[in-house]
Asks: 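One structure, pasted below without further comment.
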Amino acid sequence: MTQSTWQIPGRIHAAIIMDGNGRWAQARGLPRTAGHRAGARAFERVVECAPGEGIGVLTVYAFSQDNWKRPGDEVRALFRLMEDFLCREVDRCVANGIALRAIGRRDRLPESVVRVLAAAEERTRGGGKLTLRIAVDYSSRDAIAAAAGVACTQDTFSRRLAAAYGEPDPPPDVDLLIRTAGEQRLSDFLLWEAAYAELCFTPVLWPDFGADDLREAVTEYRRRRRTFGGLTASVSLPGRVA
Ligand code: IPE
Ligand code: IPE
Ligand code: MG
């Protein structure tokens, strides 16, 4: 499978299901939106330290298709936070070589979010240090169903899936998938790409997640033995940092 636009030799693709914002707020007697604000700060911390941990692609679950089931106020607050992040951080992304992309449906997002997303993607295009993929109004099942119609080989299918995400090439498979807040499920995230991902579940609530937690997860990942269905560890382990 070609990975021409990804440029991550020797670096890993990590994915994070950032869960536990609501519980974080509840434990402090705060509204859920305060948890989401704290979660946005945790997100910024993790993005900053990801390249130093050998991560070349970071895919984060920011808003699932099923999250539309939440109260309108909470959904609006989440999109406001997303828009604030994109407006505030785009210069820093450019300066730090971070290429930003959104995956998922855009037709149901607030117009202002769609606008700043497109502008951020355009401005950060070509960032070679980290590709940051933000899954918004995302459903892995939907993307798979959209790609399935004409697929024949796994390669062709991966290309169709990339097209369904609006990406030019299929991303590398996920090497490490982290979920916070003690939950142990995928919640419709990256079902295809995580086929051989090493799973890391941590009880830490997302707003408390920081550089040390990311390092611990990556260290644990590097200790794992990945055989991809064979009997010996793969010689080309993607996660080894040169
Ligand atoms: C994750 O935190 C953020 C989103 C799903 C948008 P939650 O809001 O799911 O937090 P909990 O699971 O209620 O604690
Ligand atoms: C998954 O978390 C979605 C995101 C983190 C954006 P949820 O909190 O929505 O998932 P469930 O309901 O626990 O499966
Ligand atoms: Mg949750």
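All ligand and atom numbering here is 1-based and tracks the order in the structure.
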Asks: Show which atoms of ligand 2 fall inside a sub-4.0 Å distance from at least one heavy-atom site of Arg185.
Replies: 11 (P), 13 (O), 14 (O)
Asks: Check ligand 1 for N or O atoms under 3.5 Å from a protein N or O and list each pair with its distance.
Replies:
unit_1, atom_1, unit_2, atom_2, d
ligand 1, 2 (O), Gly20, N, 3.4
ligand 1, 2 (O), Asn21, N, 3.2
ligand 1, 8 (O), Arg32, NH2, 2.8
ligand 1, 8 (O), Arg70, NH1, 2.7
ligand 1, 9 (O), Asp19, OD1, 3.0
ligand 1, 9 (O), Arg70, NH2, 2.8
ligand 1, 10 (O), Gly20, N, 3.4
ligand 1, 10 (O), Asn21, N, 3.1
ligand 1, 10 (O), Gly22, N, 2.9
ligand 1, 12 (O), Asp19, OD1, 3.0
ligand 1, 12 (O), Arg23, NH2, 2.8
ligand 1, 13 (O), Arg32, NH1, 3.1
ligand 1, 13 (O), Arg32, NH2, 3.1
ligand 1, 14 (O), Gly22, N, 3.3
ligand 1, 14 (O), Arg23, N, 2.8
ligand 1, 14 (O), Arg23, NE, 2.8

Asks: Atom OG1 of Thr124 and atom CD of Glu89: how far apart are they, to the nearest 0.5 Å?
Replies: 12.5 Å
Asks: Please report whether the ring centroid of Phe209 lies less than 6.0 Å from that of Phe43.
Replies: no
Asks: Within the 3.5 Å criterion, strictly below it, is a donor on His13 or Glu193 matched to an acceptor on the partner's side chain?
Replies: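 The criterion, which ignores hydrogens and geometry beyond distance, is not satisfied for Glu193 and His13.
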Asks: Which class fits the ring pair Tyr196 and Phe228: parallel under 30°, tilted 30 to 60°, perpendicular over 60°?
Replies: tilted
Asks: Fit a plane to each ring of Trp68 and Phe63, take the angle between them on a 0 to 90° scale, and name the class: parallel (under 30°), tilted (30 to 60°) or perpendicular (over 60°).
Replies: perpendicular
Asks: How far does CG of Asp137 sit from CZ of Arg106, to the nearest 0.5 angstrom?
Replies: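 Asp137 CG to Arg106 CZ: 11.0 Å, rounded to 0.5 Å.
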Asks: Less than 4.0 Å between a side-chain N and a carboxylate O, is that true for Arg125 and Glu122?
Replies: yes
Asks: Between Glu74 and Arg70, does at least one N-O distance fall below 4.0 Å, as a salt bridge requires?
Replies: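 Looking at Glu74 and Arg70, the cut-off is met.
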Asks: Provide the protein N, O or S atoms situated under 2.8 Å from the Mg ion (ligand 3); waters are not included.
Replies: Asp19 OD1
Asks: Any carboxylate oxygen within less than 4.0 angstrom of a Lys/Arg side-chain nitrogen, looking at Asp212 and Arg215?
Replies: no
Asks: Look only at the side chain of Asp213 and the backbone of Gly210, and say whether a donor-acceptor pair between them is shorter than 3.5 Å.
Replies: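 Side chain of Asp213 to backbone of Gly210: a pair is present.
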